[in-house]
Amino acid sequence: MIDQILAIKEKILAYRFIKWVISGIMLILVLGIYAIYMLSHQQELTSVKTDPSKEARKATMTNASTEIKSQSSDAVIMVDVKGAVKKPGVYNVVDNPRAQKAIAQAGGITSEADITTVNLAQKMSDGTVIYVPNKNEPQPNNERTVIAKKSDSAKINLNTATANELQILEGVGAKKAEQIIAYRETHGHFKDVTELKGIPGIGDKRIESLKDKLLV
């Protein structure tokens with residue numbers, strides 16, 4: 001009987017030993033997997049810190065994408081460059097549309113050009129006429145900031161013209177030009193030239209004299 005009891009105790013001790021061994025192996029496996037994960041994660045963080053070129057490439061790609069979007073949103077305008085320039089003609093201008101850029105696209109001014117009457121910093125709208133006079137040409141009576149000269153072949157768009165461009169029209173001074181722009185901003189784009197009647201001092205006779213020089 002005693003022998004049987006001793007045998008049973010030995011089996012119980014052996015079972016407990018095997019259980020402890022298995023538990024120890026499982027614990028070692030779990031700790032090993034965790035250690036491998038932490039080591040891999042630490043290496044990844046170290047790689048990001050020691051390789052700034054990844055962040056630099058990412059920033060470069062972001063800036064390039066922004067620049068492409070910005071360029072694609074720029075509107076192309078058509079500008080008629082006349083007078084004392086090397087290559088007079090109509091040019092498409094985009095990205096900071098100033099008079100200086102349009103004149104440069106026309107080959108620049110000639111040796112006979114009088115640039116003192118041209119505002120090179122003037123912003124342009126679609127359909128602008130830039131006229132560069134010759135040195136021996138009579139000076140215009142309007143302000144020296146004017147960038148365009150009255151032309152029978154060029155019409156001024158009431159919906160896009162600047163104050164300087166409107167002053168090219170006969171009988172339209174600085175104050176009247178500002179009134180036209182204020183009316184346009186308040187009531188929206190002109191649908192017909194006759195809407196100029198809504199501006200004080202402009203009647204049927206004035207509209208009749210200007211209608212061939214305007215468009216909407």
Side-chain angles (χ1 to χ4, degrees), residues 74-107 109-110 113-216:
D74 290 330
V76 178
I77 65 172
M78 295 184 70
V79 179
D80 188 4
V81 186
K82 300 176 181 293
V85 292
K86 295 178 181 179
K87 297 178 181 178
V90 177
Y91 293 90
N92 290 330
V93 183
V94 67
D95 185 24
N96 193 21
R98 305 274 179 167
Q100 183 180 32
K101 185 166 186 176
I103 292 173
Q105 287 186 221
I109 61 174
T110 67
D114 181 8
I115 206 68
T116 60
T117 59
V118 182
N119 181 5
L120 297 176
Q122 176 69 43
K123 288 184 177 180
M124 299 176 298
S125 57
D126 189 51
T128 296
V129 178
I130 300 177
Y131 183 84
V132 181
N134 289 312
K135 292 177 181 178
N136 58 352
E137 193 170 329
Q139 297 297 317
N141 294 324
N142 52 339
E143 296 179 1
R144 295 173 69 85
T145 56
V146 67
I147 66 167
K149 179 184 178 182
K150 184 172 69 173
S151 173
D152 293 335
S153 61
K155 293 187 177 182
I156 293 177
N157 191 323
L158 279 175
N159 294 321
T160 59
T162 64
N164 284 332
E165 291 168 353
L166 289 170
Q167 290 178 62
I168 298 169
L169 299 169
E170 184 179 353
V172 177
K175 183 177 181 180
K176 191 67 64 180
E178 293 299 335
Q179 288 177 333
I180 293 173
I181 292 176
Y183 184 91
R184 184 175 70 197
E185 292 175 348
T186 302
H187 299 85
H189 281 181
F190 289 92
K191 296 179 179 60
D192 191 271
V193 175
T194 57
E195 291 184 41
L196 287 173
K197 291 181 181 179
I199 298 169
I202 297 182
D204 292 333
K205 290 184 178 180
R206 178 60 56 81
I207 292 174
E208 186 66 26
S209 66
L210 294 176
K211 68 179 183 180
D212 292 335
K213 302 175 181 64
L214 297 172
L215 59 87
V216 294

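What you see is a predicted model; the values in this text were computed from it and never measured.
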- line: Closest non-hydrogen atoms of K86 and I109, given as atom of the first, atom of the second and distance, are CE-O, 3.4 Å
task: Supply the atom-to-atom distance I156 CD1 to T128 OG1, rounded to the nearest 0.5 angstrom.
output: 9.0 Å
message: Test side-chain contact (heavy atoms from CB on, under 4.5 Å) on K197 and D204; report intermediate values, then the result.
response: CA-CA 7 Å; K197 291 181 181 179; D204 292 333; 2.5 Å; yes
- request: Working to the nearest 0.5 Å, report the span between CZ of R98 and CD1 of I103.
  value: 13.5 Å
statement: So CG of L169 and CZ of R206: to nearest 0.5 Å the spacing works out to 9.5 Å
- prompt: Any donor-acceptor pair under 3.5 Å linking the side chain of D126 with the backbone of M78?
  reply: yes
Separation between CD of E195 and CZ of R184, rounded to the nearest 0.5 Å: 12.5 Å
query: In Å, rounded to the nearest 0.5 Å, how long is the span from CD of Q122 to CD1 of I130?
result: 9.0 Å
Atom of G83, atom of P88 and distance for their closest heavy-atom approach: O-CG, 4.1 Å
query: Can you find a side-chain donor-acceptor pair between T162 and N164 that sits under 3.5 Å?
result: no
- prompt: Given I168 and V129, is the side-chain contact (heavy atoms from CB on, under 4.5 Å) satisfied, shown in steps?
  reply: CA-CA 11 Å; I168 298 169; V129 178; over 6 Å; no
- request: Give a yes or no on whether the backbone of T194 and the side-chain of D192 come within a donor-acceptor separation of less than 3.5 Å.
  value: yes
field: Nearest atoms (heavy-atom pairs only) where G89 meets D80
entry: O-OD1, 3.5 Å
- prompt: Which heavy atom in A177 sits nearest to a heavy atom in Q167, and how many Å separate them?
  reply: CB-CG, 4.0 Å
- prompt: Is the backbone of A163 close enough, under 3.5 Å, to the side chain of E178 for a donor and an acceptor to pair up by distance?
  reply: no
statement: Partner of K101 under side chain to side chain contact (heavy atoms under 4.5 Å, CB included), picked from V93, L120, V79, is V93
- prompt: Can you tell me how far the CD1 atom of I180 sits from the CG atom of L158, to the nearest 0.5 Å?
  reply: 6.5 Å
task: Check whether any side-chain heavy atom of V193 lies under 4.5 Å from a side-chain heavy atom of I207, and answer yes or no.
output: yes
- prompt: Does T160 use its side chain to pair, donor to acceptor, with the backbone of S125 at less than 3.5 Å?
  reply: no
field: Distance-minimising heavy-atom pair for A106 and V81
entry: CB-CG1, 3.8 Å
query: Closest heavy-atom contact between P133 and V118?
result: CD-CG2, 4.0 Å
